[in-house]
Amino acid sequence: MTINFTESAERRALRQAVADLAGGYGHEYFTAKARAGEKTDELWAEAGRLGYLGVAVPEEYGGGGGGIGDLAAVCEELARAGCPLLLTVVSPAICATVIARFGTAEQKRRWLPGFADGTTKMAFAITESDAGSNSHKLATALHREGDEWVLKGGKTYISGVDEVEAVMVVARHVDARGQRLLPSLLIVPTDAPGFTHQHIPMEVLSPEKQFTCFFDDVRLPLDALVGTEDAGLAQLFAGLNPERIMAASFATGMARRALDQASEYARTRTVWDTPIGAHQGIAHPLAQCAIQVELARLMTQKAAALYDAGEDRAAGEAANMAKYAAGEAVAGAVDQAIQVHGGNGLSSEYGLGAMLAASRLSRIAPVSREMILNFVAQHTLKLPRSY
């Protein structure tokens with residue numbers, strides 16, 4: 001396939017439009033909402049109404065008909081403007097993509113128009129406390145009883161459960177002998193009997209909160225299953241690759257914001273009659289951060305292009321590399337931005353302190369950098385498996 005290293009005019013126009021929208025809200029709006037325990041409903045609704053959240057939804061369902069690269073651009077520009085909406089990584093990227101690729105005709109009619117205009121939000125639940133990143137050890141189980149699925153188990157660190165109407169849950173089929181079989185995806189309404197959730201307090205300043213979910217014999221109709229019973233991990237990873245691409249864009253957008261602030265401060269902060277940005281001790285570390293951010297953005301662009309071309313295996317490798325690079329880049333950029341600001345770097349006025357925990361999270365979620373290194377060592381370098 002051919003990858004263009006210059007974005008199309010349409011993609012650049014999309015970036016500018018999203019930047020203009022998010023700039024009208026800004027970091028102050030975002031942090032005020034988060035500190036008050038409120039949601040960024042106004043921004044989400046306007047972004048949805050303008051079609052930005054649905055850029056990757058097929059046109060026949062009201063979307064823009066674009067690819068994951070377009071949605072990643074939306075995510076990145078929101079983050080750069082100081083409004084990193086975590087649910088863009090989950091709802092339109094994972095859930096809408098999986099339904100568009102594998103859902104039944106009825107599921108597509110039911111859900112995709114809402115994803116297209118932002119009126120539908122859906123969470124995604126795979127992580128379990130005992131399984132961690134090992135999707136082969138998932139304990140949440142489902143079995144069939146007549147014309148219903150019965151779901152039992154739990155998930156942890158699930159984003160935005162309190163503001164969505166349904167959760168896409170990864171569970172393993174269980175046969176009559178209790179043996180766990182292949183995993184499948186189910187759409188579980190948040191008001192389903194037997195489904196409860198508990199808030200996990202976090203130090204990350206964000207309107208989107210984290211939850212532990214409990215499924216106590218939740219009964220669902222047969223059409224709650226997305227795709228086929230025997231799809232297994234292949235269908236699951238069709239949703240996880242977009243998640244990694246979006247997580248990388250989320251991180252690079254945040255990193256660009258940190259560098260914007262640090263550069264502006266270094267240009268205008270004067271000590272001994274000289275802007276501090278004139279000193280190589282300030283300039284060179286910022287330049288190094290800028291290089292790492294651009295390299296991460298380039299790998300993210302490659303991953304999105306591969307995914308949109310249908311090359312899932314190659315996209316998986318590139319998406320993992322992009323997510324790793326972006327996590328390292330944002331952690332370095334925010335840390336350096338704080339250092340450039342001195343004591344001001346941790347003041348509420350400049351907002352960089354609040355970004356510190358969020359930037360560090362990018363090295364952990366949705367997959368840790370250590371697991372990505374394991375993946376690259378095994379699949380790219382063909383080294384013996386270490387775990």
Kindly work out whether a path of hydrophobic side-chain contacts (I/L/V/M/F/W/Y, heavy atoms less than 4.5 Å apart) joins [X] to [Y].
X: Phe102; Y: Tyr61; result: yes
X: Val293; Y: Met246; result: no
X: Val164; Y: Val188; result: yes
X: Met355; Y: Leu346; result: yes
X: Phe250; Y: Leu205; result: no

[X]/[Y] ion pair, N-O < 4.0 Å:
X: Lys323; Y: Glu243; answer: no
X: Asp117; Y: Arg49; answer: no
X: Asp216; Y: Lys152; answer: yes
X: Arg80; Y: Asp260; answer: yes
X: Arg101; Y: Asp312; answer: yes
X: Lys108; Y: Glu60; answer: no
X: Arg110; Y: Asp223; answer: no
X: Arg297; Y: Glu76; answer: yes

Compute whether any side-chain donor of one residue and acceptor of the other, for [X] and [Y], lie under 3.5 angstrom apart.
X: Thr190; Y: Glu165; value: no
X: Ser184; Y: His173; value: yes
X: Ser206; Y: Glu208; value: yes
X: Tyr29; Y: Glu42; value: yes
X: Ser249; Y: Thr300; value: no
X: Glu46; Y: Tyr52; value: no
X: Thr140; Y: Glu128; value: yes

Side chains of [X] and [Y] in contact at under 4.5 Å (non-hydrogen atoms):
X: Ile126; Y: Leu236; result: yes
X: Gln210; Y: Val204; result: no
X: Val340; Y: Ile276; result: yes
X: Val169; Y: Phe195; result: no
X: Val167; Y: Phe124; result: no
X: Val174; Y: Gln179; result: no
X: Arg385; Y: Asn374; result: no
X: Pro189; Y: Leu220; result: yes

Which heavy atom of [X] sits nearest a heavy atom of [Y], and at what distance?
X: Ala283; Y: Gly277; answer: CB-O, 3.6 Å
X: Leu14; Y: Asp70; answer: CD2-O, 3.6 Å
X: Thr156; Y: Ser129; answer: CG2-N, 3.6 Å
X: Asp162; Y: His197; answer: CA-NE2, 4.5 Å
X: Ala248; Y: Ala322; answer: CB-O, 3.7 Å
X: Ser159; Y: Leu87; answer: O-CD2, 4.0 Å

To the nearest 0.5 Å, how far apart are [atom1] in [X] and [atom2] in [Y]?
X: Leu53; Y: Thr120; atom1: CG; atom2: OG1; answer: 11.0 Å
X: Gln16; Y: Glu77; atom1: CD; atom2: CD; answer: 8.0 Å
X: Gln378; Y: Phe375; atom1: CD; atom2: CZ; answer: 8.5 Å
X: Leu50; Y: Asp20; atom1: CG; atom2: CG; answer: 11.0 Å
X: Asp217; Y: Glu145; atom1: CG; atom2: CD; answer: 8.0 Å
X: Ile282; Y: Leu286; atom1: CD1; atom2: CG; answer: 7.0 Å

Evaluate the criterion side-chain contact (heavy atoms from CB on, under 4.5 Å) for residue pair Leu43 and Leu85; output intermediate values, then yes/no.
CA-CA 9 Å; Leu43 175 55; Leu85 301 184; 4.1 Å; yes
Taking the inter-plane angle between the rings of Trp111 and Phe115 on a 0 to 90° scale, is it parallel (under 30°), tilted (30 to 60°) or perpendicular (over 60°)?
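Taking Phe115 first and then Trp111, their aromatic rings sit tilted (interplane angle of 30° to 60°).
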Parallel, tilted or perpendicular for His199 and Phe211, by the 30°/60° rule?
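If you compare the ring of His199 with that of Phe211, the planes turn out tilted.
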Pair Gln288, Ile291 - check side-chain contact (heavy atoms from CB on, under 4.5 Å), show working.
CA-CA 5 Å; Gln288 290 173 319; Ile291 291 170; 5.6 Å; no
Please step through salt bridge (Lys or Arg N to Asp or Glu O under 4.0 Å) for the pair Lys121 and Asp41, ending with a clear verdict.
CA-CA 11 Å; Lys121 292 181 182 177; Asp41 292 335; 3.8 Å; yes
Would one find more than 12 heavy atoms of other residues, nucleotides or ligands at under 6.0 Å from atom [atom1] of [X]?
X: Tyr157; atom1: OH; result: no
X: Asp191; atom1: CG; result: yes
X: Gln280; atom1: CD; result: no
X: Glu203; atom1: CD; result: no

Dump the intermediate steps for side-chain contact (heavy atoms from CB on, under 4.5 Å) on Asp130 and Lys137, then the final yes or no.
CA-CA 8 Å; Asp130 292 332; Lys137 290 188 65 177; over 6 Å; no
Please answer whether the main-chain N or O of Glu264 pairs with a side-chain N or O of Thr268 as donor and acceptor at a distance below 3.5 Å.
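Between the backbone of Glu264 and the side chain of Thr268 there is a qualifying donor-acceptor contact (under 3.5 Å).
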Starting from the C-alpha separation in whole Å, work towards a yes-or-no answer on side-chain contact (heavy atoms from CB on, under 4.5 Å) for Ile99 and Ile187.
CA-CA 10 Å; Ile99 292 173; Ile187 299 174; 3.9 Å; yes
Whether Lys39 engages the ring of Trp44 as a cation-pi pair (distance to the six-membered ring centre under 6.0 angstrom, angle to the ring normal within 45°) should be assessed.
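Not flagged: Lys39 not positioned over aromatic ring of Trp44.
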Is Arg267 close enough and on-axis enough to Tyr265, meaning under 6.0 Å and within 45°, for cation-pi?
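Relative to the ring axis of Tyr265, which defines the angle, Arg267 lies outside at least one limit.
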